[in-house]
Amino acid sequence: MQFLFSDSGIGGLLGALGIDWKTLTLNILAFLVVVWVMGKFVYPALMKALDGKLAELDETTKARKAAEQQLAKAEESAAQIIAEARTAAEQLVAEARDDASALAKDTERKAQAQAERIVAEAREQLAQEVLTARHELGQETARLVAEAAETILQEKLDGNRDAELIARALEGHK
Amino acid sequence: MATRTQVADYVATKLSAGRSTAVREAAAWLVATGRARQAPYLARDVAKALSEQGYVYARITTARPLSDETRRQIEAFLRHITGATQLELDTQVDAQLIGGLRLETPTAELDATVRRKLAQLVEGVQV
């Protein structure tokens with residue numbers, strides 16, 4: 001130490017440099033005190049805080065990763081559901097289209113059958129009306145013929161012919 | 001109590017003796033027994049009884065008055081059909097018949113009129 005602080009050793013060197021070895025020593029001591037204080041009180045707390053922050057970051061990172069994984073799973077599940085729903089919807093649409101087509105064909109068939117039935121009934125009714133009209137015409141004709149015959153006979157049938165008529169009737173019923 | 005047939009036989013027998021008396025007795029019987037509504041049936045029964053005894057009543061309806069010849073023909077016809085020994089003819093004229101005759105007895109009827117034939121002509125078409 002004396003060597004150090006002699007004028008011919010480091011002390012002289014320090015003096016040449018303008019450094020006061022007492023001040024330097026005090027600074028070094030102060031520095032050491034500061035380091036010790038820092039190491040004793042500040043650094044642990046700081047490290048503790050940093051560790052806490054790091055832990056929080058880790059937790060956050062883990063949570064983020066977990067959330068990302070859940071999101072991915074949810075998206076995958078949603079995509080699957082959508083795909084299944086789309087498939088089901090397409091199937092329903094196809095079935096509805098088939099049902100509609102079958103219904104349309106059935107309706108057309110029934111309409112056709114009803115139309116044919118109506119036509120058949122109309123034909124039958126027409127035939128019946130023709131028959132009735134013919135019958136009535138026949139009756140009317142017979143009535144007119146009878147009236148005409150009556151008129152003619154009243155004019156033409158004299159006493160002699162009437163007597164012959166009676167004689168023939170009596171002969172026919174014997 | 002006497003039946004209607006028995007009364008009819010009685011009246012038929014009594015008619016030859018006196019028509020009005022027999023008719024009055026028949027009417028009295030109908031009223032007394034409460035069978036006034038059966039008068040037509042009694043008349044028919046009397047006619048039937050008379051015909052069984054050989055007496056026939058006939059109503060003849062023609063379009064013109066009967067000639068003697070035609071009347072004889074009708075009488076001959078009735079005698080042939082009924083076997084009657086006595087005939088009573090009631091002749092009527094109905095121009096609506098046009099021609100022929102309608103013969104009605106208590107048990108039978110013959111319609112040989114022209115009108116009937118024309119009616120049959122029309123009926124034949126209706127059937």
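Per chain, numbering begins at 1; letters A, B, ... match sequence-line order. Given the structure is predicted, the values throughout are model-derived calculations rather than measurements.
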By a 4.5 Å heavy-atom criterion (distance strictly below it), what part of [X] contacts chain A: side chain, backbone, both, or neither?
X	result
B:T62	side chain
B:I98	both
B:L110	side chain

I'd like to know if B:R71 and B:D68 make a salt bridge, using a cut-off of under 4.0 Å between side-chain N and carboxylate O.
no
Before accepting this row, confirm whether a basic side-chain N of the pair A:K73/A:E76 lies closer than 4.0 Å to the acidic partner's carboxylate O.
no
Just give me the residue among B:Q73, B:E69, B:K117 that pairs up with chain A most often, heavy atom to heavy atom, under 4.5 Å.
B:Q73
Among A:E164, A:R168, A:E150, A:E171, the residue with the most heavy-atom pairs under 4.5 Å to chain B is A:E150
Just wondering, do A:L165 and A:D162 contact through their side chains at under 4.5 Å, heavy atoms?
yes
Is there a side-chain contact between A:E121 and A:Q125 in this structure, where contact means two heavy atoms from C-beta onward sitting under 4.5 Å apart?
no
Please classify the contact between A:N160 and chain B as side chain, backbone, both or neither, with a heavy-atom cut-off of under 4.5 Å.
neither
Using atom types as modelled and distance alone, determine if a side-chain donor or acceptor of A:T25 lies under 3.5 Å from a backbone N or O of A:W21.
yes
